[in-house]
2 protein chains.
Amino acid sequence: MDFLNHNPNMLTIAQVERETGLSKDVLRVWERRYGFPAPIRSESGERVYDLEQIERLHVIKRLIDRGFRPGKLFSLTAEELQALAQTQATAKEGQDLPLPFRLIMDEVLSDDNRGLRQALSQLLAKQGLQQFVLDTVPQLNEQVGNLWAAGKLGVHQEHLYSEELSRLLRTAIGNLPTMGRRPRVLLTTLPGEEHGLGLLMVEGVLAPEGVHCLSLGVQTPMEDIVRAVVGHVVDVLVLSFSAAFPPRQGVAALRLLRNRLPGRVEVWAGGSMTRATRAHPISGVHWTPELSDCLVRLADWRDRHPVSG
Amino acid sequence: MDFLNHNPNMLTIAQVERETGLSKDVLRVWERRYGFPAPIRSESGERVYDLEQIERLHVIKRLIDRGFRPGKLFSLTAEELQALAQTQATAKEGQDLPLPFRLIMDEVLSDDNRGLRQALSQLLAKQGLQQFVLDTVPQLNEQVGNLWAAGKLGVHQEHLYSEELSRLLRTAIGNLPTMGRRPRVLLTTLPGEEHGLGLLMVEGVLAPEGVHCLSLGVQTPMEDIVRAVVGHVVDVLVLSFSAAFPPRQGVAALRLLRNRLPGRVEVWAGGSMTRATRAHPISGVHWTPELSDCLVRLADWRDRHPVSG
DNA sequence: TTTCATGTTTTGTCCTGGACAAATAATAGA
DNA sequence: TCTATTATTTGTCCAGGACAAAACATGAAA
């Protein structure tokens, strides 16, 4: 194996795709239409990008995620772009929040994982798991989202936040006494959805109700979801979709999956995406855009399935 | 929004890519070369795949993952393919394993998450966290890998195993007393590496040594790794690479990253991939293919940085 | 026999540039 | 002010050629 080839400060298009999250198709069509990025070519004609371009791509990507359109952005100079990013940064400050929230955000912003862990776990202890997940966590998430949108938060800080929160929730759920009452619930996400926090939150709401939860983590192929549902004799399948999941594809995938599951099994679809799709009913799929909807559905399920014997 | 269009049993090429993990390019070039898959076309000429083809693609993908070459597989009929999958299934049985391992594998195979959780946590309690991670977990992983290669294990069972193991490790790590001695270690994976178990294992080895660990979860873009390393004043950066990570790209990415980090910061690269790359030294990067290598490096680091005052 | 170097085949990735579907913005009508 | 059309922008898909990388086969040297 020869790993010695090219200049270590240059990236191939595949590396840029992984690094920035922009597909090869997009990178090429931007180059064609807007003249940027403008990679040099290897001797065999393949695109080779330097670090400056990657950095600029990152800036552009972030601005697009905040709602700007590519057309506008590509006509700007580097300075204007930078200025725009700065302007945005001051837009949505953390407003009048209750003190505990401000504190937690401060820990996130100051990169203090110990402090963050401490603060989160204190809040959890005060409120109890279910309350914490139903009320506090969504507010925290929103706040993190705001700070992110305002450009105050680096990706690593967002990662740190969700890592510590996951850790805390898992621990709390793990320490719950095992009840294993019906319904048996299977939790996972479809391929393409790699955000697993939603699953943990649902589990944090249901487990205290004594529900038998079974999580497969993220990105389980449909075929395997079907197998698991049958194999585990599951009553309810919970799927979570973040806001980043394209609603069209979500609905298409749910239809497809619904078709292949036994009718007996309920499907609950939750997460931010479902706020956009709730107006489009799918027969046999329940939208649970809010966490509390899961509790409503749970009560309903138990009403219809009284414990016999 | 109109979600009502196409037949819910047909998939677009993008859906097939997500579902099977085969890139669009591969799907198209297979069709061109081997005549399979053979999707019908929408009225606008786009590929539309039916469920049968997806299923066959899944089978083929699995066989390729087990070392078969596409060329061979595409000349087989459906029956031969099925037969091959079956044959493989009996190849690598679980051999003479110590009893506790057999037990755990049985729990995995019987889809019993409660039992699995129980068995794992019992083993952990007996051995202690560090020992458990150093000895037992790698053996379990290997065994799961064997069963997978033998076709005995569904994806959902593999997911279940790693989910329960992660849960257990997180809980155990979370219950450790906080020491926060040097070095300060940052753990994450590069974009493209979505397997996070390795990070947990490293943490499970280092945390009992009193190391100040800080995990960012998976797939942190390089730019943000650099920021986090600087922002958190980290001494050591730990990166994990699963066997699925292409060695070439791993080495290229490490070179790139190393160039952008302060020289003071050590980089430890571990995980199965590094067994293939260890022969290719990168200055400033330490290969730690075995977990115990992390302990060696830790001792070395502490030797060179005696606590002053 | 095993190990390593070399050539050959297979396989996956990249390319161009056109077409069009989907998402978004702009405009007209209620 | 709100809602339905129409226009523009933007991302995805396509074909089919080229070639880089990986896997395999062959032969020479240890």
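Treat the numbers as computed from the prediction; the structure is a model and nothing was measured. The sequence lines fix the lettering, A, B, ..., with proteins before strands; numbering per chain opens at 1. Values below: every heavy atom of this structure, side chains too, minus hydrogens, waters and symmetry copies.
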Can you tell me the distance, in whole Å, between the [atom1] atom of [X] and the [atom2] atom of [N]?
{"X": "B:Met273", "N": "D:dA22", "atom1": "CE", "atom2": "P", "answer": "13 Å"}
{"X": "A:Leu73", "N": "D:dT10", "atom1": "CG", "atom2": "C1'", "answer": "13 Å"}
{"X": "B:Phe68", "N": "D:dC24", "atom1": "CZ", "atom2": "P", "answer": "11 Å"}
{"X": "A:Phe245", "N": "C:dA23", "atom1": "CZ", "atom2": "P", "answer": "13 Å"}

- Message: Would B:Arg62 pass as a cation-pi partner of B:Trp148, given that its NZ or CZ must be under 6.0 Å from the six-membered ring centre and within 45 degrees of the axis?
- Response: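 Because its charged atom sits under 6.0 Å from the ring centre and within 45° of the axis, B:Arg62 does stack over B:Trp148.
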
- In terms of heavy-atom contacts, A:Met273 and A:Gly250 come closest through SD-CA, 4.0 Å

Short question: side chain of [X], backbone of [Y] - any donor-acceptor pair under 3.5 Å?
{"X": "B:Thr288", "Y": "B:Glu290", "value": "no"}
{"X": "A:Gln53", "Y": "A:Ala38", "value": "yes"}
{"X": "B:Thr189", "Y": "B:Glu193", "value": "yes"}

Can you name the atoms? Protein N/O to nucleotides 1-4 of chain D N/O, anything below 3.5 Å, with the distance.
none

- Can we say A:Arg41 and A:Glu31 salt-bridge, meaning some charged N sits less than 4.0 Å from an Asp/Glu carboxylate O? yes

- A:Asp224/A:Arg227 ion pair, N-O < 4.0 Å: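 Looking at A:Arg227 together with A:Asp224, the answer is yes, because their closest N to O distance falls below 4.0 Å.
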
- Item | 5' precedence on DNA chain C between A:Glu31 and B:Glu43 (nearest-nucleotide basis) |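 Mapping each residue to its closest nucleotide by heavy atoms, the 5'-most match is A:Glu31.
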
Between [X] and [Y], does any side-chain donor sit less than 3.5 Å from a side-chain acceptor?
{"X": "A:Arg18", "Y": "B:Gln219", "result": "no"}
{"X": "A:Thr188", "Y": "A:Thr220", "result": "yes"}
{"X": "A:Glu46", "Y": "A:Thr12", "result": "no"}

Are any protein N/O atoms closer than 3.5 Å to N/O atoms in nucleotides 12-15 of chain C? If there are, list each pair with its distance.
unit_1 : atom_1 : unit_2  : atom_2 : d
C:dG12 : OP2    : B:Trp30 : NE1    : 2.7
C:dG12 : N7     : B:Arg33 : NH1    : 2.9
C:dG12 : N7     : B:Arg33 : NH2    : 3.4
C:dG12 : O6     : B:Arg33 : NH2    : 2.5
C:dC14 : OP2    : A:Lys24 : NZ     : 2.4
C:dC15 : OP1    : A:Arg47 : N      : 2.7
C:dC15 : OP1    : A:Arg47 : NH1    : 3.1
C:dC15 : OP2    : A:Arg28 : NH1    : 2.6
C:dC15 : OP2    : A:Arg47 : NH1    : 3.1
C:dC15 : O5'    : A:Arg47 : NH1    : 3.1

- Tell me whether the OP1 or OP2 atom of C:dC20 has a side-chain N or O from B:Ser44 closer than 4.0 Å.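 Negative; the distance criterion is not met.
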
- Message: Does C:dA23 have its OP1 or OP2 closer than 4.0 Å to a side-chain nitrogen or oxygen of A:Arg248?
- Response: yes

- Message: What's the angle between the local helix axes at either end of the helix from C:dT1-D:dA30 to C:dA30-D:dT1, using five pairs per end and rounding to 10 degrees?
- Response: 40°

- Query: How about A:Trp30 and A:Phe36: are their ring centroids closer than 6.0 Å?
  - Reply: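 When the ring centroids of A:Trp30 and A:Phe36 are compared, they turn out to be at least 6.0 Å apart.
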
